[in-house]
Structure formats: C-alpha cells, structure tokens
Amino acid sequence: MPLVLYNTLSRKKEEFVPLKDGRVGMYVCGITAYDSCHLGHARAAIVFDVIVRYLRYKGYDVTYVRNYTDVDDKIINRANRDGVSCREISERYIKEYEDDMGALGVAMPDIAPRATEHIPEMIEAVEKLIEKGFAYESNGSVYFSVRKFPGYGKLSGKNIEELESGARVEVDETKKDPLDFALWKASKPGEPKWPSPWGEGRPGWHIECSAMSAKYLGQPFDIHGGGRDLVFPHHENEIAQAEGACGCQFVRYWLHNGFININAEKMSKSLGNIKAIGEIREIFDPEVVRYFILSSHYRSPIDYTEENINNAERALVGFYTTYEQIVIAGSSAHRPFALSLSKGEQDLLNKIQSLKNHFEEAMDDDFNTAGAVGSVFEVMNELSGYVAARKKNWTDATKDICAAFVDAVSKISPVLGFFGADPAGFRERNKRFGVKRYGLDVPKIGSLINERAEARGHKNFARADEIRKELNAMKVELNDRPDGTTEWFVRS
RNA sequence: GGCGGCGUACCCAAGUGGUAAGGGAGCGGUCUGCAAAACCGUUAUGCACCGGUUCGAAUCCGGUCGCCGCCUCCA
C-alpha cells in the first residue's frame, strides 16, 4: 500500500517516494530555547514523533533530525533580563524541553543539532550565496536578496509584489530591499558573536536549518516538517537559501502541523492563555495528552478545553477498562487458533486480523491517526460484546480470539504511543493524576468509604447513599465489589 | 486588502462520488439494597445555506453566510 501525504509545496496529497529506496531523511524545526514550551510545541513534537514511528513501522530506515535554535534575539533578551548568559538560557530550556517531551513519550531524534555548534557550516553557506550573487554584505551583516531568487513564494503561495505592498515600515536601513532577510547579523555589544569574513556577528535564524539539514541529510532530502506558522517566512526562506546555494531542489515533501487553540482562541503570551507542558503533565497522564492530540488529524486545528481533554481521558480510560478483560481472557490462551470456531467467531477473528490493515490504510492516508483509533474501537466494541456474553466462561476459542486482539493492538500501540500500557497500571497511574488534578484528599476519601462500609453493614443505606453523594460531589465514584470491598476512582 | 483553510448530532471527530466510522455525554433496559462498571438497545432521512453536474453528492462545480490562520517573532 502506498503512503500518501499532503505536501504543503504542491497543496496536494502525493504518494511518498523516498529518494533512496528504503531510506528517509527527515528534518523538523525544533524550538528556540528561550522559554518553557507549551502544548503547541508538544503537538508538533508528538505529531512528527508518530510520523517517524510510522515510517519505521513501514520498514524505512529513517534519519530524523530536529534542531535547537540556541542563538537568537529572544534568547539574548531573556538572558539580559535574567542577568545570565545566553548559553545558560538555551541549556536550561533545551533540558526542560527534552524532559517534557520525554514525559510525553516523544522519542529523541537521531540527531539534535544546535545552531551554535554549526557556525562554520553557516558561514560557508552564506559565502556561497554571496558568491552566487544571491546575498550581499552591508555594514557587517549579510542579507539574502529575495528578488534574486525566482521561486520565492512557492511554498507559502505568496508573490513578491503582494509581500511588498503588505510590508511594514522597515527600520533597517542596511537592507537594499525590505523583503530581504538576514543571513548573518553584525553583533551589537554584549551579544554572542563569532568571527566571520564580515566581522564579528551571529547567524540569522533561517540559515541554521538549511545548513544543518544539508550537513546531516544532504540535498535534496525527503521530508521537512514544522508548525503551520513556519511556512512563511521561515521555510520559504530556507528554500530560497538552500536552493539558491546549491541550484538543486532542497526538500521533496513539506509537512506542517496545525495549531492548538485554547478555548477557541490562539495561544499567545499577550492573551495569557499559554498552556505550558509543565502544567499539563502534572494533571494529565501523558497517554491522555497523546490521545487528545492524535485523535484529530495532524493538520486540523485542535481546541484545548477542559471538556475536550476530559473527553479524551474518558475515552482512553474506557479503552483500558474494556481492554483489561480482553487481556485477561487472552493471557490464558494456550494454543493458536487450532480450534473450530463458530461462524460468528470466525468473522470476529477475521475482523481482528484485518485491524492491522485498517490501521495501515488510515495511516497511509496522510497519517490519519484519528481514523486509526476509530478502527481499534470499532473492533473492540464487537469483541467486548462477545466476551461479556460469555461471562467468565471463556472457551479456548474466546481466549484465542482475545489473544489475537491483544496481539493486533501490540502492533499498533508502539506507533501511536498509547493503548500499550498494562491496563491495571494505567488505571492506577491515571487515578493519581486525577487526584492531583482535583486536589483530592485521599485519606479523607478512605475514611468516608470506611464509614460507608460500616453504615452498609448496619443496613443503614440512607447514610451510605449520603456518603456516596458526598464523594460523588468530590468527583469520586464508588464501585462496590462482590467481595464486599469498595473501590474508588476519579470521575473526569 | 492579498493568500490559505474550515463549517458533519449536545460535545469531540473520521469520512473526497455509492447511500453517515469511532469516542464522550444523554436516554431506556439487564445487573445492583441503591449505585458504579460492564453488556444490550437508542440518539443526524441528514453533513452551514442556496443552486448546479450526476443514475447517485457530506464528498465535484458555482454562489451566499459564518469562523479561523498566515501576510511581523511564533509549534
């Protein structure tokens, strides 16, 4: 089955054909390390994490590069504000980012290059652009001459005239044309700087990605990804630089993920509605966050609201609750499908065995994770009905069928990064997040449950129900087990 | 103003020509002291609206309305 993906460059879905058979070079714009990262960064990281995992699942040998911008105006500002070095700032936030992403189950890329460690490569790239007439030096800075590059605007669908008319008043007198962008910036006092043929300075933002991607992946390479907002000007400029310098194609497929809104508003510092990962990961299970993000298509916008993420949590809890019974039944299977199955059982088994195909069909269609998740639930629905109808009187066929489902899920879950936990373990873990989220007083819950047990013992059901109501109001749900004990969980 | 995207049930969300996946929530039932969970059943004659193409449209075309993004740093 061919993999089809939406290429921003052509604005169409295209069949994915790697340059080298069986190998994929992929570069994704990471973060500028000047502040804590938020849900939007997490979405980008998670989405491309899944894309890489799926490419590997398909058997590709993937080289995944994700950079860190560790020299930039924002970092300098932050360093000045905090009275520390730029390096300290970037190190701090890179570390935090890696910690956050690790918590969300995002695997590290194969290569995570930093801009400051590739200054010679960038200088070389700038020199080449000057040599070829695409760039010019001015007062110790170097600019890319946008009008010299004929394909400018092909990624973002803009044309130079429109950009010109929409351009803001340029304060920078050193540029020949307001559309030109900096490849190399002459350093001001107190800024990080490196020697260069144009005097001491630092690289512009865009040049790092073209220089580092070329170094690690060559030119052209297969996939370049990032958030939608990077299409213009960042990726447009990368194309201009890279293609200007080498005279060849830069990237074959451009992939861009959609944004996360908060209560239908764009996340922004000025609105004060940033959802930091540090905040989210304290109160939601990482699998819930992944599920929430991946239950929409990667290019669609996602609206983060309490209701929506709770909805995701309930869905995932629901999955594990049902799945647990299936796992238990399946774990006692002792032989593989040697039995005679009824017609209905055979149909069910066939559906389970085609789950993998449905998953691949969905994923092959521009990484449709939402569709993939749907197909898992669809089959599980039918299976859970079948299992429940047999109570605990599982036949060998029941066990084998359950084992087949567990096996199918185990193929899928490593790609998605959820559905793969031990169900009981997930339940416990998720409960701890619920306790934290709602600030529950666990000892108090325990004593109320004891009190209720006592009341029930005396057949004082009025009091028992009163206590249950009290607990319900605290988001605590009770489950009286047949053995007389009571289990509690958090209702989201 | 220019460019692009979106509008599917109470909420979320798949579905790009063959008669509306899935999840959450709700409702009815089985079970239970009562609940919860689980299971069974149920909730869009219709996919913003109006036209058109077609045997057939949520899907294609034209128009209208509404929402959003980018055009400046941004995942």
Side-chain angles (χ1 to χ4, degrees), chain A residues 8 11 13 28-32 34-35 37-48 72-74 77 153 156-159 161-168 170 205 225-234 236 256-261 264-269 291-292 295-297 299-303 305 307-319 321-322 324-325 358 362 365 368-381 384-391 456 459-462 464-465 468-469 472 476-482 486-489 491-492:
Chain A
T8 307
R11 280 168 269 276
K13 284 185 186 174
V28 171
C29 289
I31 52 157
T32 298
Y34 77 105
D35 202 353
C37 61
H38 57 244
L39 245 195
H41 297 107
R43 183 179 191 188
I46 288 170
V47 159
F48 289 105
D72 168 270
D73 289 347
K74 291 192 292 291
N77 291 341
S156 56
K158 302 191 183 306
N159 68 59
E161 281 60 43
E162 280 160 6
L163 286 168
E164 180 97 284
S165 62
R168 312 265 166 112
E170 261 302 333
W205 176 34
R228 272 222 78 76
D229 52 334
L230 297 181
V231 172
F232 187 89
H234 185 51
E236 195 68 62
H256 293 98
N257 65 275
F259 267 52
I260 292 190
N261 296 320
E265 277 184 320
K266 181 177 170 171
M267 232 190 291
S268 80
K269 296 228 157 128
Y291 182 93
F292 171 66
S295 57
S296 294
H297 185 87
R299 286 189 282 115
S300 308
I302 292 182
D303 193 24
T305 63
E307 189 188 0
N308 292 351
I309 191 145
N310 282 337
N311 195 330
E313 187 190 57
R314 280 191 284 254
L316 196 58
V317 168
F319 168 83
T321 306
T322 307
E324 187 167 17
Q325 294 311 308
H358 288 302
D365 183 13
N368 185 353
T369 51
V373 169
S375 61
V376 172
F377 275 104
E378 200 177 348
V379 175
M380 191 173 76
N381 258 346
S384 66
Y386 164 78
V387 174
R390 268 143 202 81
K391 311 281 181 198
R456 291 179 76 212
K459 302 246 184 272
N460 183 357
F461 294 120
D465 291 349
R468 189 219 305 283
K469 270 194 175 161
N472 285 165
V476 173
E477 199 71 64
L478 300 181
N479 174 27
D480 295 325
R481 292 199 181 101
T486 296
E487 160 188 56
W488 66 275
F489 53 94
R491 184 128 200 97
S492 56

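Just so it is clear, the values below take in all heavy atoms, side chains as well, and ignore hydrogens, waters and symmetry mates. Within every chain, numbering begins at 1; the chains are lettered A, B, ... in the order of the sequence lines, protein sequences first and strands thereafter.
Heavy atoms of A:Gly374 sit under 4.0 angstrom from at least one base atom. Nucleic acid contact class of A:Lys266 (heavy atoms, under 4.0 Å, all strands): base. Counting non-hydrogen atoms under 4.0 angstrom, A:Lys158 reaches a base of the nucleic acid. Looking at heavy-atom distances under 4.0 Å, A:Asn381 makes contact with sugar-phosphate atoms alone, never a base. Within 4.0 Å (heavy atoms only), A:Ser384 reaches sugar-phosphate atoms of the nucleic acid but no base atom. Within 4.0 Å of A:Leu316, counting heavy atoms only, lies no atom of the nucleic acid at all.
Considering only the side chain of A:Asp229, B:A75 comes nearest among B:C73, B:C71, B:A75.
Aromatic ring pairs are classed by plane angle as parallel below 30°, tilted from 30° to 60° and perpendicular above 60°; the pair A:Phe377 and A:Phe319 is perpendicular.
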Exercise for review: Could you run through nucleotides 24-37 of chain B and give me one letter per nucleotide, 5' to 3': B if any protein heavy atom sits under 4.0 Å from the base, S if only the sugar-phosphate is that close, - if neither?
Suggested key: SS-------BBBBS
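Base-pairing analysis of RNA chain B finds the following stems of at least three consecutive Watson-Crick or G-U pairs, with both pairing distances under 3.5 Å: B:1-7 with B:65-71, B:10-12 with B:22-24, B:25-30 with B:38-43, B:48-52 with B:60-64.
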Dump the pairs, protein N or O against N or O of nucleotides 14-18 of chain B, anything under 3.5 Å, distances to one decimal.
from	atom 1	to	atom 2	distance (Å)
B:A14	OP1	A:His297	N	2.7
B:A14	O3'	A:Asn368	ND2	2.8
B:G15	OP1	A:Asn368	ND2	2.9

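Across the interface with RNA chain B, nearest-nucleotide mapping of A:Ile302 and A:Tyr386 shows A:Ile302 to be the residue nearer the 5′ end.
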